[in-house]
Number of protein chains: 2
Amino acid sequence: MPSTPSKAQLMELLAHSVSTHYADFTSAAADLSLTASQAKTLSVLRRAPASMRSLAHTLACDASNMTGIIDRLEKRDLVHREVSSTDRRVKNVALTETGEKAIDTIRERMEQTQTGLDKLSEEERTELFRLLTVVFPH
Amino acid sequence: MPSTPSKAQLMELLAHSVSTHYADFTSAAADLSLTASQAKTLSVLRRAPASMRSLAHTLACDASNMTGIIDRLEKRDLVHREVSSTDRRVKNVALTETGEKAIDTIRERMEQTQTGLDKLSEEERTELFRLLTVVFPH
DNA sequence: GCTCGATGCTTGAGAACATCAAACAATACG
DNA sequence: CGTATTGTTTGATGTTCTCAAGCATCGAGC
């Protein structure tokens, strides 16, 4: 019977978990010749198209950064820009079909994470899902 | 009554959680004028000293990368190199006291994550701790 | 309509980070 | 020993990052 972990312990474990997940993600992305930043961008866009600015906010980087990243993704036809119909300053970025396949493939290839999740029962997966949703809400 | 999430849904949520955590971490690190890579390195070293090679492995990057990152951290006295006593090729990197304080401060300042964890009861925190340990073992 | 401040994106300069190949020293092992 | 292997560094090249500046567009008010 484990005692309650301190918040610091939980932060430490979170850091470790994130770091493991990130390493897994990065090497799966590298298999597709994608950098971590490029793949992270695809991952964010998997949920929904987004403007340059909101992408930058989600990825915690400067907006000027996104220009280059999206340029390179667009050159490979993984993503496309579209001027917003309601505000001509805004450019909405969306995944192409190829881009969608790419990020799905990356997630399928994250073996460490997949193996880890396989160790959970259905109830445990449901509970993990619930807890993560509480801690990291949309 | 939530149904069991599919593995893909769980991967998606994990990606979102990691991304939120990462953004939080990056901006807390920036407050201390540390880049994400530098702070991540400190985070790994918080557990235990490590050689250049094992750092590179944990951070999923080339060993030659670490040279520059550790150089810059050492210049700011957050970390120090020490030639291994058993193998003179190996350099072990360890946090200085300043470095330890830096990473602890960063974790304390991760407001989004802290706020999220505060939403959990003690039992839930214990359970999250257990589940993460299963999915991402040491 | 017009001006003016704010907003969204891009560009350019300079630092950090990433990968790869190649070098070097030290070790391991036949 | 001699030879292969390992751990770290260096150098070249491309990507990412931050910051300041630029341009176009929007929105609120006159």
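Basis for what follows: all heavy atoms, side chains included, without hydrogens, waters or symmetry-related copies.
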Salt bridge (Lys or Arg N to Asp or Glu O under 4.0 Å) filter on A/D62, not counting sequence neighbours, yields none

How far does the helix from C/dG1-D/dC30 to C/dG30-D/dC1 bend, going by the axes of its first and last five pairs, to the nearest 10°? 30°

Can you list the residues that meet the side-chain hydrogen bond (donor to acceptor under 3.5 Å, both in side chains) rule with B/E74, with sequence neighbours excluded? B/R81

Under the 4.5 Å side-chain heavy-atom rule for ILVMFWY, direct or indirect, which residues accompany B/V18? A/V18

Of all residues at least two apart in sequence or in a different chain, which pass the side-chain hydrogen bond (donor to acceptor under 3.5 Å, both in side chains) check with B/R72? none

Outermost DNA chain D nucleotides near chain A [under 4.0 Å, heavy atoms]: D/dT15 to D/dC26

In the hydrophobic clustering (ILVMFWY, side-chain contacts below 4.5 Å, transitive), which residues join A/Y22, or is it alone? B/Y22

Hey, which sits more toward the 5' end of DNA chain D by its nearest nucleotide, A/Q38 or A/D87? A/Q38

Take A/T35 and A/S37, measure what side-chain hydrogen bond (donor to acceptor under 3.5 Å, both in side chains) needs, and give me the verdict at the end. CA-CA 5 Å; A/T35 68; A/S37 300; 4.8 Å; no

Is the distance from OP1 or OP2 of C/dC17 to the nearest side-chain N or O of B/K40 less than 4.0 Å? no

Would you list the pairs meeting salt bridge (charged side-chain N to carboxylate O under 4.0 Å, His left out) in which at least one residue belongs to residues 5-22 of chain A, sequence neighbours left out? A/K7-B/D118, A/E12-B/R47, A/E12-B/R107

CD/B/E111: more than 12 non-hydrogen atoms of other groups inside 6.0 Å: no

Residue-level proximity of residues 62-86 of chain A to DNA chain D when a heavy atom falls under 4.0 Å: A/D62, A/S64, A/N65, A/I69, A/R72

Which of residues 44-61 of chain A have a heavy atom under 4.0 Å from DNA chain C? A/S51, A/M52, A/R53

Would you say NZ of A/K119 has more than 12 non-hydrogen atoms from neighbouring residues, nucleotides or ligands within 6.0 angstrom? yes

The correct set of residues in residues 16-33 of chain B placing a heavy atom under 4.0 Å from DNA chain C is none

Tracing side-chain links under 4.5 Å among I, L, V, M, F, W and Y, which residues wind up in one group with B/V90? none

